[in-house]
There are 2 protein chains.
Amino acid sequence: MTLASPAKRATMRDVAAAAGVSLKTVSRVMNMEPLVDSRTAARVESAIEQLHYRRDGLARSLRTGIRQLSVGLLIEDLSNPFYGTLAQAVEDVADLNGHSVILTSSREDAAREQRLITDLLRREVEGLMIVPASQDHRYLEPELRRGTPLVFLDRSPRGISADTVLLENVAGARIGVEHLIAIGHRRIAFVGDPVSHETSSERYDGYRAALADASIPLDEELVKTRSQSVGAADEETRELLTLTRPPTAIFAQNNRHCVGVLRALRGAGATLAVVGFDDFELATLLPVPVTVVASDAAEMGRVGAEMLFERLGGLGGPPRRLLIPGHLVARGTGEIPPESVVFPGHGQRN
Amino acid sequence: MTLASPAKRATMRDVAAAAGVSLKTVSRVMNMEPLVDSRTAARVESAIEQLHYRRDGLARSLRTGIRQLSVGLLIEDLSNPFYGTLAQAVEDVADLNGHSVILTSSREDAAREQRLITDLLRREVEGLMIVPASQDHRYLEPELRRGTPLVFLDRSPRGISADTVLLENVAGARIGVEHLIAIGHRRIAFVGDPVSHETSSERYDGYRAALADASIPLDEELVKTRSQSVGAADEETRELLTLTRPPTAIFAQNNRHCVGVLRALRGAGATLAVVGFDDFELATLLPVPVTVVASDAAEMGRVGAEMLFERLGGLGGPPRRLLIPGHLVARGTGEIPPESVVFPGHGQRN
DNA sequence: TTGTAAGCGTTATCAA
DNA sequence: TTGATAACGCTTACAA
């Protein structure tokens with residue numbers, strides 16, 4: 001904090017005046033053009049130093065036409081390895097196309113999403129990849145009409161239509177729950193985000209479809225969709241364990257919920273069957289390796305980025321929608337039969 | 001791919017000509033200024049559409065003086081949660097200071113690091129935070145003299161001096177190894193990156209210091225520093241298990257190595273004492289919860305970013321160097337005494 | 001309601 | 001070796 005004046009940045013003109021030379025000579029020095037007298041150059045350089053002159057890259061780019069190309073990527077949470085992997089894949093593709101990636105995270109906050117996207121657009125990104133947090137994307141319509149390529153990842157756009165890459169949420173969840181049913185479970189809980197989240201809602205649909213197919217009535221008691229964090233999933237799982245008729249199996253809607261579920265079970269000393277959506281690195285190292293419906297985050301990023309660059313390359317046509325399949329990886333927790341389930345303090349059941 | 005001409009981007013002038021109006025009127029339409037006849041506006045808009053006109057944000061910013069402020073952050077690997085957490089913290093601080101973060105990853109490739117940093121600087125970032133991969137940063141000296149704030153994270157700069165935030169590598173590793181010694185171990189292996197990496201070299205120093213303090217001779221056989229990935233750490237751990245006199249404990253130099261070590265032990269059905277450097281979320285959920293020397297990635301990011309913004313705020317003075325402490329989190333694997341160690345196929349030992 | 005002229009901070013052209 | 005002048009594509013005064 002200083003009381004000094006707003007300190008307008010020095011320009012080349014200022015430097016030129018201070019050094020007693022012309023604008024162009026300063027430019028020459030800045031660009032290390034060879035035909036400058038060393039004494040003149042020295043004068044200019046000291047003026048540069050004195051005035052703390054820094055070249056304005058904006059003006060330079062405007063004049064030279066040399067522009068840094070970039071694409072924006074908005075994800076939800078940088079510390080979630082699922083998005084880290086996705087972002088890495090996007091960066092790989094962008095790299096191949098001579099673009100860099102400006103990465104920001106919404107923290108699942110709709111207002112923040114809008115602010116960040118507006119920022120990115122002002123920053124002149126060539127295109128935008130978005131894992132949306134908000135429920136209404138009509139604010140992007142002008143930009144879309146303006147021709148900025150937009151690709152939505154993991155969740156669909158609302159109120160506009162644009163290229164989208166989604167996981168096969170319904171089918172994936174269905175496979176996971178069917179697996180549990182095949183093992184013999186009939187009381188299967190669902191732990192996930194609120195169904196206002198598209199991803200959660202779709203996975204919940206898959207869950208219900210699997211139950212319906214097996215003529216297992218849906219028991220609302222077993223559906224926990226308040227959790228938005230590992231801690232919340234942990235709590236909800238403990239609630240499930242206190243039910244008069246607790247579940248023998250749990251389907252966890254994503255990697256965060258899965259960790260919460262496992263933590264709660266571990267804490268309570270319970271053993272239930274568990275299938276998670278999304279793979280995670282340490283799944284194989286847990287006491288009972290974790291069965292998951294794995295979907296390829298890198299693939300989603302790669303495909304999405306490729307769609308974007310196809311649009312930037314001039315590809316026309318209506319918005320496309322791609323689905324990344326998930327597949328079951330049976331490792332252990334999903335193959336625990338109802339007979340082997342252990343509740344806290346109960347000892348083995350049946 | 002099209003044979004069409006290079007397709008120079010249309011400018012406002014082009015739009016004006018096409019719509020038969022003046023430059024200024026187009027500008028008015030673009031900025032949605034109200035005082036435009038709707039018929040004129042319509043003509044302009046259709047011209048915009050026809051010519052695929054997009055406003056040049058660079059020129060706009062130059063004229064209006066409205067600039068997007070940003071800082072660059074170069075990390076090693078986006079999919080490593082340690083860096084994800086760090087990046088998130090950096091973004092938080094940047095946010096508070098009205099800057100956005102341009103994030104890129106070096107993949108531990110020195111040439112790539114230089115290229116990305118050059119890109120970032122061309123992009124007119126206000127400052128730069130770097131987890132360096134290269135061994136020589138003299139190429140940054142001109143930029144440093146030009147007054148661009150630079151902060152190095154996790155590893156020191158080489159050949160220049162700049163603000164730096166490091167973990168307490170020596171002390172942290174020492175604490176971890178001392179812990180193993182206190183439990184009774186004397187054959188303690190070190191699994192880590194090549195010591196050409198500063199981080200590894202420092203942690204190795206801490207390892208040796210702890211051994212020396214306890215008068216335990218260093219056994220080169222127990223030092224594995226080829227690993228640069230989870231897979232390599234896994235292999236090296238298996239090599240350790242085949243030694244005539246295998247270790248009873250392993251110190252893993254970072255979270256990646258720790259996963260590799262645990263995977264190998266699990267695969268071989270061995271139980272050794274393990275202490276890892278860096279905490280990880282699932283450490284508590286493994287069969288034996290993992291003892292680690294935890295250091296706060298978020299804290300490193302936060303502190304580093306704050307240093308940067310202090311410099312941007314005009315703070316002078318010599319480069320500063322901050323150390324983020326690590327502390328031991330005893331959870332289980334680090335407290336396995338030598339007597340309880342199990343080697344593959346051997347059954348329990350002693 | 002629309003247009004003209006000037007200027008943002010550089011670099012390019014051409015002359016001195 | 002240096003400098004005057006125009007131009008990059010846009011917005012801001014100020015007229016018309």
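By convention in this document, chain letters (A, B, ...) are assigned in the order of the sequence lines, proteins followed by strands, and residues within each chain are numbered from 1. Computed from a predicted model, the values in this text were never measured in an experiment.
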*Got a sec, which pairs hit ring pair (Phe, Tyr, Trp, His ring centres under 6.0 Å) with one end in residues 44-92 of chain A, sequence neighbours left out?*
none

*asked:* Need one value for A:Arg13: base, sugar-phosphate or nothing, where a base atom within 4.0 Å counts as base even if backbone is also close, heavy atoms only.
replied: base

*Which ones in residues 57-71 of chain B lie close to DNA chain C, meaning a heavy atom under 4.0 Å from one of its atoms?*
B:Leu62, B:Arg63

*Rounded to 10 degrees, the angle between the two terminal axes of the helix from C:dT1-D:dA16 to C:dA16-D:dT1, each from five pairs*: 40°

*Hey, which of B:Ser105, B:Pro132, B:Ser106 is the one that makes side-chain contact (heavy atoms from CB on, under 4.5 Å) with B:Leu74?*
B:Ser106

*Check whether any side-chain nitrogen or oxygen of A:Ser27 sits under 4.0 Å from OP1 or OP2 of C:dT10, and answer yes or no.*
no

*asked:* Going by ring pair (Phe, Tyr, Trp, His ring centres under 6.0 Å), name the pairs with one or both residues in residues 126-151 of chain B, residues two or more places apart or in two chains.
replied: B:His137-B:Phe152

*Above 12 or not: heavy atoms from other molecules or residues under 6.0 Å from CZ of B:Arg138?*
no

*Listed by chain and number, what are the side chain to side chain donor-acceptor pair (under 3.5 Å) partners of A:Asn97, not counting sequence neighbours?*
none

Atom pairs, N/O to N/O, protein against nucleotides 1-3 of chain C, distance under 3.5 Å?
unit_1 : atom_1 : unit_2  : atom_2 : d
C:dT2  : OP1    : B:Thr40 : OG1    : 2.4
C:dT2  : OP2    : B:Asp37 : N      : 2.8
C:dT2  : O4     : B:Arg28 : NH2    : 3.2
C:dG3  : OP2    : B:Ser22 : N      : 2.9
C:dG3  : OP2    : B:Ser22 : OG     : 3.1
C:dG3  : OP2    : B:Thr25 : OG1    : 2.6
C:dG3  : N7     : B:Arg28 : NH1    : 3.3
C:dG3  : O6     : B:Arg28 : NH2    : 2.8

*Considering residues at least two apart in sequence or located in another chain, which fulfil the side-chain contact (heavy atoms from CB on, under 4.5 Å) criterion with B:Thr85?*
A:Ser79, B:Ala297, B:Ala298

*Which whole-number value in Å describes the distance from B:Met12 CE to C:dT4 P?*
16 Å

_Partners meeting salt bridge (charged side-chain N to carboxylate O under 4.0 Å, His left out) with A:Glu91 (sequence neighbours left out)_ = B:Arg107, B:Arg112

*Check: B:Glu198/B:Ser156 side-chain N/O donor and acceptor closer than 3.5 Å*: yes

*Which pairs pass ring pair (Phe, Tyr, Trp, His ring centres under 6.0 Å) with one or both residues in residues 84-130 of chain B, sequence neighbours excluded?*
B:His99-B:Phe309

*Over 12 non-hydrogen atoms of neighbours within 6.0 angstrom of CZ in A:Arg13*: no

*What pairs of residues pass the salt bridge (Lys or Arg N to Asp or Glu O under 4.0 Å) test when at least one of them lies in residues 15-29 of chain A, not counting sequence neighbours?*
A:Arg28-A:Glu33

*Side-chain donor-acceptor pair under 3.5 Å between B:Ser100 and B:Gln68, yes or no?*
no

Under 3.5 Å, which donor-acceptor pairs link side chains of residues 34-41 of chain B to any protein atom two or more places apart or in another chain?
unit_1  : atom_1 : unit_2  : atom_2 : d
B:Asp37 : OD2    : B:Arg39 : N      : 2.8
B:Asp37 : OD2    : B:Thr40 : N      : 3.4

*Give me the first and last nucleotide of DNA chain D, going 5' to 3', that has any atom under 4.0 Å from a heavy atom of chain A.*
D:dT1 to D:dG9

